[in-house]
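Everything below concerns the one structure shown next.
Bear in mind that the values here come from a model prediction, so they are computed numbers and not experimental data. Every chain is numbered from 1, with letters handed out A, B, ... down the list of sequences.
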Amino acid sequence: MTLRLLDTLSGQQRELVPLETGHVRIYSCGPTVYGPAHIGNFRSFLFADLLVRYLRYRGLRVTWVMNITDIDDKIIRGAAAQEITIGEMAKHWTDRFLADAAALRMTPPDVLPRATEHIPEITTLIASLLERDHAYRTEDGSIFFRIASWPAYGRLARLDPEQLRVGERVEADEYGKDDVRDFALWKGPKLGEPTFSTLLGEGRPGWHIECSAMSMKHLGPSFDIHTGAVDLIFPHHEDELAQSEAATGLPFVQTWLHCAHLQMAGSKMAKSTGNIERVGDLLGRGISARALRYVLIAVHYRAPLNYVDASLVAAGSALERLDALLAALAAYREDGPDDSGLADLIAGTRAGFERALDDDLKIAPALAVLFDCVREVNRRIDARTLSTADAEIVTSFLHNLDRVLGIGPDPVDDGLTPDMEALLEARAAARTGRNWSESDRLRDELAQHGIVVEDTRDGQRWRRLEEHHG
RNA sequence: GGCGACGUACCCAAGUGGUUAAGGGGGAGGUCUGCAAAACCUCUAUGCAUCGGUUCGAAUCCGAUCGUCGCCUCCA
């Protein structure tokens, strides 16, 4: 196991050595459930998914925690506007998020903690910050982190705290903060806002503190990997890092991973600008979820991903290439001897695939190796050098790689209706009788039902045609 | 203004000092096929934003210029 990852904090690639032998603990910043996540959000979740899948493929135990932020300003405002509770609003969009995630084959995280279910952990953490004088109360019952008490502040984002531009987006002091750069750990009660009665008094948690409290609750005070998109580096992760280490005195995270943004029409996809494409909308337009997943994971996580509609079509075609190979292997029958070169081909492909992903999850060379293997196997199918047993070996090898990628065809795809089975049988019979016009007619009819029929040396072969276009 | 990422073919995208610049998509031609489809074969960047420099050798290192994007307390 020699996975190397580029850590945001050190700026260096570092080898993953789990704090607990054989067990990798990962925390990913998840969605704030005030509306539907867009495909840019899912890029950051799916890059974490790829990491988790790869570690498990490599035989490591992984505990993956992804938070659900179910209380914040936007949820409160949105719920008020719709005259529902924040709980109802959060439930609705959490369900939607989980449905989209499942469609995109995101591995279900082991824990999906909610902020509102961790108020005791949050307040205990804040209390210890108060105790250590890293935090202070203001008159309205709010509690702020004192940046001046933490010299390392700004290291993650490589920002000089002195240089933060006051006035542009740093609000002038409305709560009586000691320093305008100090951030809220706890927000005092306000009319019309939900509050919790706690050992700190009335109020609700700030944004950053929930991730510190929930990650440490479920993974311990020090864990291996923390993921998110680059826009979370500052202030969210900077604040998390400061308050966590200030509270425990222990190193918080071994490796910070941040993915670049997905761009559309030349700029960052963001809910605030409306420059967005949602998973549900795309699937509703008939886009294949597999193709969308492929598009979202096929570019290295630290490179900007430029989303264009054409990339879905290209991804769909690439997937059909894989599907066609698997269908050919499933139908392949040859009594000859085993292919003497197959073991080397598989070993070389596996080695290349792992070498690429070990290097900071370089997905592009991994896919290149996979498609090289696809071409080579197709050659051997054409040349009939594989045995029937070889075909099964290749199939299970490809399925094994797909544990990492998650782009293979749906396993239970044999739901042929009796009508379709009858059409296939009729066509096979027509071909046996060399009745070409009838067999061509049946091929067209099957195509209209989304079933592609191909004639091969191994007989008539069929597979489903997925919709990849909008 | 500060910090950072990036610019490779028609599109997406690897490669970061040394054989013919991966892979996917698209396009052209061919083989196979009753016809198709799929598959396979051949072709599709003497050149990597531009200009200089270092070097025996540069897409890769250095400098400058042009352009794109992001962060600098809403953010995946």
Quick one: does any side-chain atom of A/R14 pair with a main-chain N or O of A/G11 as donor and acceptor, under 3.5 Å?
no
Partners meeting side-chain hydrogen bond (donor to acceptor under 3.5 Å, both in side chains) with A/H236 (sequence neighbours left out)
A/H208, A/E240
If I take atom CZ in residue A/R181 and atom C1' in nucleotide B/U73, what distance separates them, rounded to the nearest angstrom?
12 Å
Can you give me the N/O atom pairs linking the protein to nucleotides 28-32 of chain B at distances under 3.5 Å, or say none if there are none?
none

Residues forming a side-chain hydrogen bond (donor to acceptor under 3.5 Å, both in side chains) with A/D72, sequence neighbours excluded:
none
Partners meeting side chain to side chain contact (heavy atoms under 4.5 Å, CB included) with A/R158 (sequence neighbours left out):
none
Counting the atoms with a prime plus P, OP1 and OP2 as sugar-phosphate, which does A/D372 contact under 4.0 Å by heavy atoms, base, sugar-phosphate, or nothing?
sugar-phosphate
Sequence neighbours excluded, which residues qualify as side chain to side chain contact (heavy atoms under 4.5 Å, CB included) partners of A/R302?
A/L6, A/H300, A/D360
Between A/D440 and A/R443, does any NZ, NE, NH1 or NH2 come within less than 4.0 Å of an OD or OE carboxylate oxygen?
yes
Residues at least two apart in sequence or cross-chain that pass side chain to side chain contact (heavy atoms under 4.5 Å, CB included) with A/L283, listed by chain then number, are A/A103, A/V279, A/A289
Please report the distance, rounded to the nearest Å, between CG in A/D72 and C1' in B/U73.
14 Å
Could you tell me the separation between the CG atom of A/L442 and the OG atom of A/S439, rounded to the nearest 0.5 Å?
7.5 Å
Take atom CZ of A/R427 and atom C1' of B/G34, then tell me their distance rounded to the nearest Å.
11 Å
Does some side-chain heavy atom of A/L370 sit less than 4.5 Å from a side-chain heavy atom of A/L405?
yes
Rounded C1' spacing from B/C10 to B/C51 in Å
27 Å
Remember a base hit wins even if backbone is also touched, and classify A/G228 as base, sugar-phosphate or nothing at under 4.0 Å, heavy atoms.
sugar-phosphate
Return no unless some side-chain N or O of A/K268 is found under 4.0 Å from OP1 or OP2 of B/C71.
yes
Which nucleotide sits closest to the side chain of A/P235: B/A76, B/U73, B/G34?
B/U73
Starting at atom CZ of A/R434, determine the distance to atom P of B/U33, rounded to an integer number of angstrom.
12 Å
Between atom CG in A/L424 and atom P in B/A37, what is the gap in whole Å?
19 Å
Got a list of protein N/O to nucleotides 38-41 of chain B N/O distances below 3.5 Å?
residue	atom	partner	partner atom	Å
B/A38	O4'	A/E454	OE2	3.3
B/A39	O3'	A/N378	ND2	3.1
B/A39	O2'	A/D382	OD1	3.3
B/A39	O2'	A/D382	OD2	2.8
B/C40	OP1	A/R321	NH2	3.2
B/C40	OP1	A/N378	ND2	3.4
B/C40	OP2	A/R321	NH1	3.2
B/C40	O4'	A/D382	OD2	3.1
B/C40	O3'	A/R379	NE	3.4
B/C41	OP1	A/R379	NE	2.6
B/C41	OP1	A/R379	NH2	2.3

Specify the separation, in whole Å, of atom CH2 of A/W256 and atom C1' of B/G4.
18 Å
Return the polar atom pairs (N/O with N/O) between nucleotides 12-18 of chain B and the protein under 3.5 Å, or none.
none

Who pairs with A/T8 by side-chain hydrogen bond (donor to acceptor under 3.5 Å, both in side chains), at least two apart in sequence or on another chain?
A/H258
What integer number of Å spans the P atoms of B/G23 and B/A5?
29 Å
Let me check I have this right: for RNA chain B, each base becomes ., (, ), [, ] or |, based on Watson-Crick or G-U pairs with both distances under 3.5 Å. What is the full string?
((((((((.[[[..)..(....]]]((((((.......))))))....[[[[[..)....]]]]])))))))....
Can you tell me how far C1' of B/U73 sits from OH of A/Y153, to the nearest Å?
7 Å
Sugar-phosphate only, base, or nothing, as touched by A/H38 at under 4.0 Å among non-hydrogen atoms:
base
Which whole number of Å gives the distance between the P atom of B/G18 and that of B/U60?
11 Å
Contacts of A/R114 meeting side-chain hydrogen bond (donor to acceptor under 3.5 Å, both in side chains) (sequence neighbours excluded), chain-then-number -> none
Salt bridge or not for A/R464 and A/D410, using N-O below 4.0 Å?
no
When you measure from the side chain of A/R290 to the backbone N and O of A/I407, does any donor-acceptor pair fall under 3.5 Å?
yes
Rounded to whole Å, the CZ-P distance (A/R302 to B/A5) equals 10 Å
Using the C1' atom as the reference point in each nucleotide, state the distance between B/C43 and B/A37 in Å, no decimals.
23 Å
If each of A/H236 and A/A157 is mapped to the nucleotide of RNA chain B with the nearest heavy atom, which maps nearer the 5' terminus, i.e. the 5' end?
A/A157
Using a strict cut-off of less than 4.0 Å between a Lys/Arg side-chain nitrogen and an Asp/Glu carboxylate oxygen, indicate whether A/D339 and A/R380 qualify as a salt bridge.
yes
Write down the distance separating the P atoms in B/A36 and B/U31, rounded off to the nearest Å.
11 Å
Does the base of B/C35 carry an N or O that pairs as donor and acceptor with the side chain of A/R443 under 3.5 Å?
yes
Pairwise C1' distance for B/A9 and B/U44, with rounding to whole Å:
8 Å
Under 4.0 angstrom, heavy atoms only, what part of the nucleic acid is A/S439 near: base, sugar-phosphate, or nothing?
base
If I compare all heavy atoms of A/L46 with all of A/L104, which pair ends up nearest, and what's the gap?
CD2-O, 4.0 Å
Suppose you measure atom C1' in B/A21 against the same atom in B/A45; what distance do you get, rounded to whole Å?
8 Å
Can you find a donor-acceptor N/O pair under 3.5 angstrom joining the side chain of A/D160 to the base of B/G2?
no
Could you work out which one of B/U73, B/A76, B/C35 sits closest to the side chain of A/R43?
B/A76
Classify A/L232 by what it touches in the nucleic acid, base, sugar-phosphate, or nothing, heavy-atom distance under 4.0 Å.
sugar-phosphate
For A/V230 and A/H261: C-alpha separation, side-chain torsions, deciding distance, then whether side-chain contact (heavy atoms from CB on, under 4.5 Å) applies.
CA-CA 7 Å; A/V230 287; A/H261 282 134; 3.6 Å; yes
C1' spacing across the pair B/A76 / B/C66, given as an integer number of angstrom
31 Å
Does A/K271 put a side-chain nitrogen or oxygen below 4.0 Å from OP1 or OP2 of B/A76?
yes
Stacking here means centres under 5.5 Å and planes under 30°; does A/F371 stack on B/G23?
no
Atom pairs and distances, donor-acceptor, side-chain atoms in residues 444-451 of chain A, under 3.5 Å, two or more places apart:
residue	atom	partner	partner atom	Å
A/E445	OE1	A/R441	NH1	3.1
A/H449	ND1	A/E445	O	2.9

When the nearest nucleotide of RNA chain B is assigned to A/S437 and to A/A318 on a heavy-atom basis, which residue is associated with the more 5' position?
A/A318
